[in-house]
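Scroll down for the structure; my scribbles are underneath it.
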Amino acid sequence: MKLRWSRRGVLRAGAAAGVGLLGSRSAAALGAPAVHTRRAQGQRPLVISSANGLEACNRAMEMLEAGEDTLDSVIAGVNIVELDPEDTSVGYGGLPNEAGVVQLDSSVMHGPTRNGGAVACIEGIKTPSKVARLVMERTDHVLLVGRGAQEFARMHGDEIETLLTDGARLRWLEWKENLSDRDDWFPPSSGVGDFPEDDDFTSFYREHGTINCNAVAANGDISGVTTTSGLAWKIPGRVGDSPILGAGLYLDNDVGACGSTGRGEANLLDCCSFLAVEFMRQGKHPQDACLEVMRRVEHKTVDPRLLREDGTPNFSVNFYALNKKGEFGGANFRPSRFAVNDGSGSRHVDSAYLYER
Ligand code: GLY
(Lines give C-alpha, C1' and ligand atoms only; values in the text may rest on other atoms or scores of the structure.)
Protein backbone atom coordinates (compact mmCIF):
# COMPACT_ATOMS: atom_id res chain seq x y z
CA MET A 1 0.00 0.00 0.00
CA LYS A 2 1.41 3.35 -0.96
CA LEU A 3 1.83 5.92 1.76
CA ARG A 4 1.10 9.42 0.66
CA TRP A 5 1.63 12.56 2.67
CA SER A 6 -0.97 15.19 3.37
CA ARG A 7 -0.56 18.19 5.64
CA ARG A 8 -0.31 16.28 8.89
CA GLY A 9 -1.03 12.76 8.00
CA VAL A 10 -0.72 9.83 5.75
CA LEU A 11 -3.31 9.14 3.08
CA ARG A 12 -3.52 5.71 1.64
CA ALA A 13 -3.51 6.24 -2.10
CA GLY A 14 -4.50 3.62 -4.59
CA ALA A 15 -5.28 -0.01 -4.09
CA ALA A 16 -2.81 -2.22 -2.38
CA ALA A 17 -0.02 -3.39 -4.62
CA GLY A 18 -0.84 -6.96 -4.01
CA VAL A 19 -0.04 -10.52 -4.75
CA GLY A 20 0.24 -11.55 -8.37
CA LEU A 21 1.72 -8.36 -9.73
CA LEU A 22 5.12 -9.79 -10.51
CA GLY A 23 3.95 -10.99 -13.92
CA SER A 24 3.66 -7.40 -15.12
CA ARG A 25 7.42 -7.06 -14.81
CA SER A 26 7.80 -8.71 -18.17
CA ALA A 27 6.42 -5.52 -19.71
CA ALA A 28 9.35 -3.53 -18.38
CA ALA A 29 12.05 -2.51 -20.82
CA LEU A 30 15.60 -3.72 -20.42
CA GLY A 31 17.90 -0.79 -20.90
CA ALA A 32 21.59 -0.50 -21.54
CA PRO A 33 23.57 2.73 -21.70
CA ALA A 34 24.87 4.23 -24.92
CA VAL A 35 27.56 2.23 -26.67
CA HIS A 36 30.07 5.06 -26.46
CA THR A 37 30.46 4.48 -22.73
CA ARG A 38 31.88 1.07 -23.57
CA ARG A 39 34.07 2.18 -26.47
CA ALA A 40 36.22 4.29 -24.18
CA GLN A 41 36.80 1.43 -21.77
CA GLY A 42 39.80 -0.65 -20.80
CA GLN A 43 42.09 2.15 -19.66
CA ARG A 44 44.17 2.23 -16.48
CA PRO A 45 44.33 4.02 -14.15
CA LEU A 46 40.57 4.35 -13.74
CA VAL A 47 38.31 5.69 -10.98
CA ILE A 48 34.53 5.27 -10.77
CA SER A 49 32.07 6.47 -8.15
CA SER A 50 28.43 7.17 -7.42
CA ALA A 51 27.05 10.27 -9.17
CA ASN A 52 27.93 12.53 -6.23
CA GLY A 53 31.64 11.73 -6.71
CA LEU A 54 32.84 13.86 -9.64
CA GLU A 55 35.27 15.74 -7.41
CA ALA A 56 36.18 12.56 -5.55
CA CYS A 57 37.14 10.91 -8.86
CA ASN A 58 39.24 13.93 -9.84
CA ARG A 59 41.12 13.85 -6.55
CA ALA A 60 41.65 10.09 -6.64
CA MET A 61 42.87 10.22 -10.25
CA GLU A 62 45.37 13.02 -9.44
CA MET A 63 46.80 10.84 -6.69
CA LEU A 64 46.88 7.67 -8.81
CA GLU A 65 48.69 9.55 -11.57
CA ALA A 66 51.21 10.69 -8.95
CA GLY A 67 51.82 7.04 -8.11
CA GLU A 68 49.95 6.99 -4.78
CA ASP A 69 48.32 3.87 -3.37
CA THR A 70 44.83 3.05 -4.64
CA LEU A 71 43.22 3.08 -1.19
CA ASP A 72 44.86 6.37 -0.17
CA SER A 73 43.54 7.81 -3.44
CA VAL A 74 39.89 6.75 -3.12
CA ILE A 75 39.74 7.68 0.57
CA ALA A 76 41.13 11.16 -0.19
CA GLY A 77 38.44 11.41 -2.86
CA VAL A 78 35.49 10.53 -0.62
CA ASN A 79 36.86 12.69 2.22
CA ILE A 80 35.82 15.70 0.10
CA VAL A 81 32.20 14.54 0.27
CA GLU A 82 32.38 13.40 3.90
CA LEU A 83 33.54 16.89 4.91
CA ASP A 84 31.01 18.73 2.72
CA PRO A 85 28.16 20.02 4.92
CA GLU A 86 25.99 20.42 1.81
CA ASP A 87 25.95 16.68 1.07
CA THR A 88 23.20 15.41 3.35
CA SER A 89 23.88 11.72 2.74
CA VAL A 90 27.50 11.32 3.83
CA GLY A 91 29.62 12.34 6.83
CA TYR A 92 29.35 15.88 8.23
CA GLY A 93 25.92 17.31 7.35
CA GLY A 94 24.34 13.87 6.89
CA LEU A 95 20.68 13.52 7.83
CA PRO A 96 20.26 12.02 11.31
CA ASN A 97 18.38 9.01 12.64
CA GLU A 98 14.88 9.26 14.11
CA ALA A 99 16.34 10.53 17.40
CA GLY A 100 18.16 13.37 15.63
CA VAL A 101 21.61 11.76 15.95
CA VAL A 102 23.94 11.35 12.95
CA GLN A 103 25.27 7.78 12.80
CA LEU A 104 27.75 6.92 10.05
CA ASP A 105 28.79 3.68 8.30
CA SER A 106 31.86 3.07 6.14
CA SER A 107 34.02 0.28 4.71
CA VAL A 108 37.28 0.05 2.80
CA MET A 109 39.04 -2.75 0.93
CA HIS A 110 42.66 -2.79 -0.21
CA GLY A 111 43.35 -5.19 -3.06
CA PRO A 112 47.13 -5.61 -2.81
CA THR A 113 47.02 -6.66 0.85
CA ARG A 114 43.71 -8.52 0.39
CA ASN A 115 42.38 -6.81 3.49
CA GLY A 116 39.41 -4.73 4.58
CA GLY A 117 37.99 -2.77 7.48
CA ALA A 118 34.75 -1.10 8.47
CA VAL A 119 32.90 0.95 11.07
CA ALA A 120 29.15 1.10 11.68
CA CYS A 121 26.91 3.42 13.71
CA ILE A 122 29.86 5.65 14.55
CA GLU A 123 28.99 9.10 15.94
CA GLY A 124 30.97 12.34 16.09
CA ILE A 125 33.64 11.53 13.48
CA LYS A 126 33.47 13.43 10.19
CA THR A 127 35.53 10.99 8.12
CA PRO A 128 34.51 7.42 9.03
CA SER A 129 36.34 6.08 5.96
CA LYS A 130 39.64 6.92 7.66
CA VAL A 131 38.55 5.05 10.79
CA ALA A 132 37.58 2.04 8.64
CA ARG A 133 41.12 2.05 7.21
CA LEU A 134 42.57 2.23 10.74
CA VAL A 135 40.49 -0.77 11.75
CA MET A 136 42.00 -2.61 8.77
CA GLU A 137 45.58 -1.50 9.36
CA ARG A 138 45.85 -1.25 13.16
CA THR A 139 43.69 -4.07 14.50
CA ASP A 140 43.12 -7.76 13.98
CA HIS A 141 39.43 -7.00 13.46
CA VAL A 142 37.35 -6.10 10.42
CA LEU A 143 34.33 -4.24 11.86
CA LEU A 144 33.92 -1.96 14.89
CA VAL A 145 30.57 -0.43 15.82
CA GLY A 146 29.04 2.35 17.88
CA ARG A 147 30.76 3.57 21.02
CA GLY A 148 33.65 1.15 20.54
CA ALA A 149 34.35 2.51 17.06
CA GLN A 150 34.22 6.08 18.33
CA GLU A 151 36.53 5.32 21.23
CA PHE A 152 38.95 3.57 18.86
CA ALA A 153 38.98 6.69 16.63
CA ARG A 154 39.52 8.93 19.67
CA MET A 155 42.47 6.80 20.77
CA HIS A 156 43.97 7.37 17.33
CA GLY A 157 43.68 11.14 17.81
CA ASP A 158 40.34 11.93 16.15
CA GLU A 159 38.35 14.79 17.56
CA ILE A 160 34.72 14.06 18.51
CA GLU A 161 32.66 16.74 16.76
CA THR A 162 29.03 17.69 16.20
CA LEU A 163 27.98 16.30 12.84
CA LEU A 164 24.43 17.65 12.85
CA THR A 165 24.40 20.86 10.80
CA ASP A 166 21.63 23.41 11.19
CA GLY A 167 20.29 22.45 7.77
CA ALA A 168 20.07 18.75 8.67
CA ARG A 169 18.58 19.56 12.11
CA LEU A 170 15.84 21.71 10.55
CA ARG A 171 14.95 18.98 8.06
CA TRP A 172 14.80 16.44 10.88
CA LEU A 173 12.57 18.81 12.87
CA GLU A 174 10.22 19.25 9.92
CA TRP A 175 10.03 15.50 9.47
CA LYS A 176 9.37 14.98 13.18
CA GLU A 177 6.71 17.68 13.36
CA ASN A 178 4.86 16.44 10.29
CA LEU A 179 5.07 12.75 11.10
CA SER A 180 1.66 12.46 12.71
CA ASP A 181 -1.19 14.66 13.85
CA ARG A 182 -1.65 12.42 16.88
CA ASP A 183 1.59 13.17 18.67
CA ASP A 184 2.92 16.14 20.66
CA TRP A 185 5.15 17.66 18.00
CA PHE A 186 3.60 20.58 16.10
CA PRO A 187 4.97 22.32 13.01
CA PRO A 188 5.39 26.10 13.40
CA SER A 189 2.33 26.75 11.24
CA SER A 190 -0.52 24.62 9.94
CA GLY A 191 1.47 23.83 6.78
CA VAL A 192 4.28 21.42 6.03
CA GLY A 193 6.87 24.08 5.43
CA ASP A 194 8.61 23.84 2.08
CA PHE A 195 7.76 20.19 1.51
CA PRO A 196 5.77 19.55 -1.66
CA GLU A 197 2.42 18.23 -0.50
CA ASP A 198 2.34 15.44 -3.07
CA ASP A 199 5.73 14.09 -2.10
CA ASP A 200 5.62 10.57 -0.74
CA PHE A 201 7.45 8.88 2.10
CA THR A 202 9.89 6.87 0.04
CA SER A 203 11.00 9.47 -2.47
CA PHE A 204 11.45 12.45 -0.20
CA TYR A 205 11.46 11.55 3.45
CA ARG A 206 13.70 8.50 3.29
CA GLU A 207 16.85 9.45 1.47
CA HIS A 208 19.49 6.81 0.89
CA GLY A 209 22.53 8.77 -0.20
CA THR A 210 26.04 7.37 0.01
CA ILE A 211 29.30 7.60 -1.87
CA ASN A 212 31.12 4.57 -3.25
CA CYS A 213 34.46 5.05 -5.04
CA ASN A 214 36.60 2.32 -6.64
CA ALA A 215 39.93 2.56 -8.45
CA VAL A 216 42.28 0.42 -10.49
CA ALA A 217 45.85 1.69 -10.80
CA ALA A 218 48.13 1.54 -13.83
CA ASN A 219 49.69 -1.65 -12.40
CA GLY A 220 46.27 -3.29 -11.91
CA ASP A 221 45.98 -2.88 -8.14
CA ILE A 222 42.43 -2.24 -6.96
CA SER A 223 40.87 -0.54 -3.91
CA GLY A 224 37.47 0.75 -2.90
CA VAL A 225 35.58 2.68 -0.23
CA THR A 226 31.94 3.25 0.66
CA THR A 227 30.79 5.83 3.21
CA THR A 228 27.36 7.09 4.26
CA SER A 229 25.10 8.58 6.90
CA GLY A 230 22.65 5.88 5.88
CA LEU A 231 18.92 6.04 5.66
CA ALA A 232 17.47 9.33 6.86
CA TRP A 233 15.35 9.04 10.05
CA LYS A 234 16.39 5.39 10.53
CA ILE A 235 15.80 3.55 13.79
CA PRO A 236 18.81 4.26 16.05
CA GLY A 237 21.31 1.47 15.64
CA ARG A 238 20.25 0.57 12.10
CA VAL A 239 23.22 -0.52 10.01
CA GLY A 240 22.92 -0.43 6.23
CA ASP A 241 24.91 -2.19 3.55
CA SER A 242 27.79 0.31 3.36
CA PRO A 243 29.95 -1.12 6.18
CA ILE A 244 29.24 -4.74 5.31
CA LEU A 245 32.00 -6.22 3.16
CA GLY A 246 30.34 -8.13 0.35
CA ALA A 247 27.31 -5.81 0.34
CA GLY A 248 28.18 -2.10 0.20
CA LEU A 249 31.67 -2.91 -1.07
CA TYR A 250 33.65 -5.90 -2.25
CA LEU A 251 36.74 -6.47 -4.33
CA ASP A 252 39.29 -9.03 -5.30
CA ASN A 253 42.60 -7.69 -6.60
CA ASP A 254 42.69 -10.46 -9.23
CA VAL A 255 39.22 -9.63 -10.59
CA GLY A 256 37.63 -6.25 -9.87
CA ALA A 257 35.55 -4.20 -7.46
CA CYS A 258 31.89 -3.40 -6.89
CA GLY A 259 30.14 -0.96 -4.57
CA SER A 260 26.62 0.22 -3.99
CA THR A 261 24.36 3.10 -3.01
CA GLY A 262 20.61 3.15 -2.43
CA ARG A 263 18.35 0.89 -0.37
CA GLY A 264 20.85 -1.02 1.72
CA GLU A 265 18.33 -3.55 2.97
CA ALA A 266 17.82 -4.82 -0.59
CA ASN A 267 21.56 -5.21 -1.09
CA LEU A 268 22.17 -6.91 2.27
CA LEU A 269 19.78 -9.73 1.45
CA ASP A 270 21.97 -10.91 -1.44
CA CYS A 271 25.50 -9.60 -0.64
CA CYS A 272 25.31 -8.02 -4.06
CA SER A 273 28.81 -6.55 -4.38
CA PHE A 274 30.31 -9.95 -3.67
CA LEU A 275 27.93 -11.41 -6.23
CA ALA A 276 28.95 -8.87 -8.89
CA VAL A 277 32.64 -9.61 -8.36
CA GLU A 278 31.92 -13.33 -8.67
CA PHE A 279 30.03 -12.69 -11.93
CA MET A 280 33.08 -10.77 -13.20
CA ARG A 281 35.31 -13.65 -12.12
CA GLN A 282 33.18 -15.86 -14.39
CA GLY A 283 33.97 -13.51 -17.28
CA LYS A 284 31.08 -11.06 -17.27
CA HIS A 285 31.71 -7.43 -18.23
CA PRO A 286 31.23 -5.15 -15.16
CA GLN A 287 28.04 -3.69 -16.62
CA ASP A 288 26.55 -7.13 -17.24
CA ALA A 289 27.59 -8.23 -13.75
CA CYS A 290 25.74 -5.24 -12.28
CA LEU A 291 22.62 -5.95 -14.39
CA GLU A 292 22.63 -9.58 -13.30
CA VAL A 293 22.73 -8.41 -9.68
CA MET A 294 19.75 -6.12 -10.34
CA ARG A 295 17.81 -9.15 -11.56
CA ARG A 296 18.70 -10.95 -8.32
CA VAL A 297 17.42 -8.01 -6.24
CA GLU A 298 14.27 -7.88 -8.37
CA HIS A 299 13.72 -11.61 -7.74
CA LYS A 300 14.00 -11.07 -3.97
CA THR A 301 11.56 -8.14 -3.94
CA VAL A 302 8.14 -9.65 -3.29
CA ASP A 303 6.88 -7.57 -0.36
CA PRO A 304 3.95 -5.48 -1.72
CA ARG A 305 5.20 -2.57 0.40
CA LEU A 306 8.23 -2.40 -1.92
CA LEU A 307 6.39 -2.72 -5.23
CA ARG A 308 4.76 -0.26 -7.56
CA GLU A 309 1.34 -0.99 -8.95
CA ASP A 310 2.97 -2.55 -12.05
CA GLY A 311 4.83 -5.00 -9.81
CA THR A 312 8.27 -3.46 -10.23
CA PRO A 313 10.37 -2.41 -7.20
CA ASN A 314 9.55 1.08 -5.95
CA PHE A 315 13.02 1.85 -4.59
CA SER A 316 16.42 2.66 -5.97
CA VAL A 317 19.62 0.70 -5.58
CA ASN A 318 22.78 1.32 -7.64
CA PHE A 319 25.78 -0.87 -8.34
CA TYR A 320 29.10 0.36 -9.74
CA ALA A 321 31.78 -2.07 -10.88
CA LEU A 322 35.17 -2.09 -12.56
CA ASN A 323 37.52 -4.90 -13.49
CA LYS A 324 41.28 -5.30 -13.51
CA LYS A 325 41.46 -4.41 -17.23
CA GLY A 326 39.90 -1.01 -16.58
CA GLU A 327 36.42 -1.84 -17.90
CA PHE A 328 33.49 -0.48 -15.91
CA GLY A 329 29.72 -0.33 -15.66
CA GLY A 330 26.78 0.42 -13.40
CA ALA A 331 23.15 -0.57 -13.07
CA ASN A 332 19.93 0.41 -11.32
CA PHE A 333 16.29 -0.56 -11.81
CA ARG A 334 15.68 2.67 -13.71
CA PRO A 335 17.84 5.16 -15.67
CA SER A 336 20.59 6.52 -13.48
CA ARG A 337 24.15 7.84 -13.75
CA PHE A 338 27.51 7.43 -12.13
CA ALA A 339 30.90 9.17 -12.27
CA VAL A 340 33.96 8.00 -14.19
CA ASN A 341 37.49 9.35 -14.57
CA ASP A 342 39.82 7.57 -16.98
CA GLY A 343 42.45 10.30 -16.96
CA SER A 344 40.65 12.95 -18.98
CA GLY A 345 38.55 14.53 -16.21
CA SER A 346 35.50 13.24 -14.36
CA ARG A 347 32.23 12.83 -16.24
CA HIS A 348 28.84 11.26 -15.69
CA VAL A 349 27.91 8.17 -17.70
CA ASP A 350 24.63 6.27 -17.91
CA SER A 351 23.98 3.14 -15.90
CA ALA A 352 22.25 0.13 -17.42
CA TYR A 353 18.70 -0.46 -16.17
CA LEU A 354 15.82 -2.90 -16.12
CA TYR A 355 12.84 -0.58 -16.56
CA GLU A 356 12.39 2.58 -18.66
CA ARG A 357 10.22 4.20 -15.97
N1 GLY B 1 23.17 2.27 1.02
C2 GLY B 1 23.20 3.04 2.17
C3 GLY B 1 22.28 2.59 3.22
O4 GLY B 1 21.26 1.96 2.95
O5 GLY B 1 22.54 2.87 4.36
Side-chain angles (χ1 to χ4, degrees), residues 48-53 56 78 81-82 87-99 101-109 118-123 125 128-129 131-132 143 145-146 149 163 168 172 201-214 224-250 257-276 290 293-294 296-297 300-301 303 305-306 313-321 330-334 336-339 351:
I48 65 171
S49 91
S50 40
N52 54 350
V78 302
V81 183
E82 288 178 321
D87 189 307
T88 56
S89 69
V90 178
Y92 177 53
L95 294 176
N97 64 20
E98 74 176 19
V101 177
V102 181
Q103 293 185 323
L104 306 178
D105 298 337
S106 180
S107 61
V108 301
M109 288 193 84
V119 289
C121 265
I122 189 169
E123 297 175 13
I125 306 287
S129 60
V131 188
L143 173 62
V145 307
L163 303 188
W172 174 81
F201 193 86
T202 50
S203 68
F204 186 81
Y205 287 84
R206 310 303 302 280
E207 291 182 15
H208 289 87
T210 297
I211 182 166
N212 162 249
C213 186
N214 306 307
V225 56
T226 302
T227 179
T228 188
S229 52
L231 177 64
W233 333 136
K234 60 194 172 186
I235 294 174
R238 178 262 190 189
V239 172
D241 58 325
S242 303
I244 304 303
L245 300 183
L249 176 69
Y250 188 74
C258 181
S260 181
T261 62
R263 182 179 158 78
E265 282 73 9
N267 180 5
L268 281 165
L269 290 172
D270 278 308
C271 290
C272 292
S273 291
F274 175 79
L275 191 59
C290 290
V293 162
M294 291 311 307
R296 189 68 67 94
V297 178
K300 267 281 172 61
T301 307
D303 185 341
R305 202 174 41 87
L306 299 173
N314 63 13
F315 56 87
S316 172
V317 59
N318 285 284
F319 296 96
Y320 320 97
N332 195 335
F333 285 127
R334 297 183 170 80
S336 173
R337 296 191 306 171
F338 63 105
S351 294

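All ligand and atom numbering here is 1-based and tracks the order in the structure.
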Please confirm whether the backbone N or O of Gly240 pairs with a side-chain atom of Asp105, one donor and one acceptor, at under 3.5 Å?
yes
Report, in ascending order of atom number, the atoms of ligand 1 lying under 4.0 Å from any heavy atom of Gly262.
1 (N), 2 (C), 3 (C), 4 (O)
Considering only heavy atoms of Thr210, which atoms of ligand 1 have at least one such atom less than 4.0 Å away?
1 (N), 2 (C)
Determine whether the side chains of Asn318 and Ser336 contain a donor N or O and an acceptor N or O closer than 3.5 Å.
yes
Are the charged groups of Glu98 and Arg238 less than 4.0 angstrom apart, N to O?
no
Compute the shortest N/O to N/O distance between Gly264 and ligand 1 and return yes if it is under 3.5 Å, no if not.
yes
Less than 3.5 Å between some nitrogen or oxygen of Asp241 and one of ligand 1, yes or no?
yes
Atom OG of Ser49 and atom OH of Tyr320: how far apart are they, to the nearest 0.5 Å?
7.5 Å
From CZ (Phe333) to CG (Asn314), nearest 0.5 Å:
9.5 Å
Can you list the atoms of ligand 1 that are under 4.0 Å from a heavy atom of Ser242?
1 (N), 2 (C)
Using a plain distance cutoff, I'd like to know if Thr261 has any nitrogen or oxygen under 3.5 Å from a nitrogen or oxygen of ligand 1.
no
For the backbone of Leu269 and the side chain of Lys300, can you confirm whether one donor and one acceptor N or O come within less than 3.5 Å of each other?
yes
The answer for which part of Lys234 has a heavy atom under 4.0 Å from ligand 1 is neither
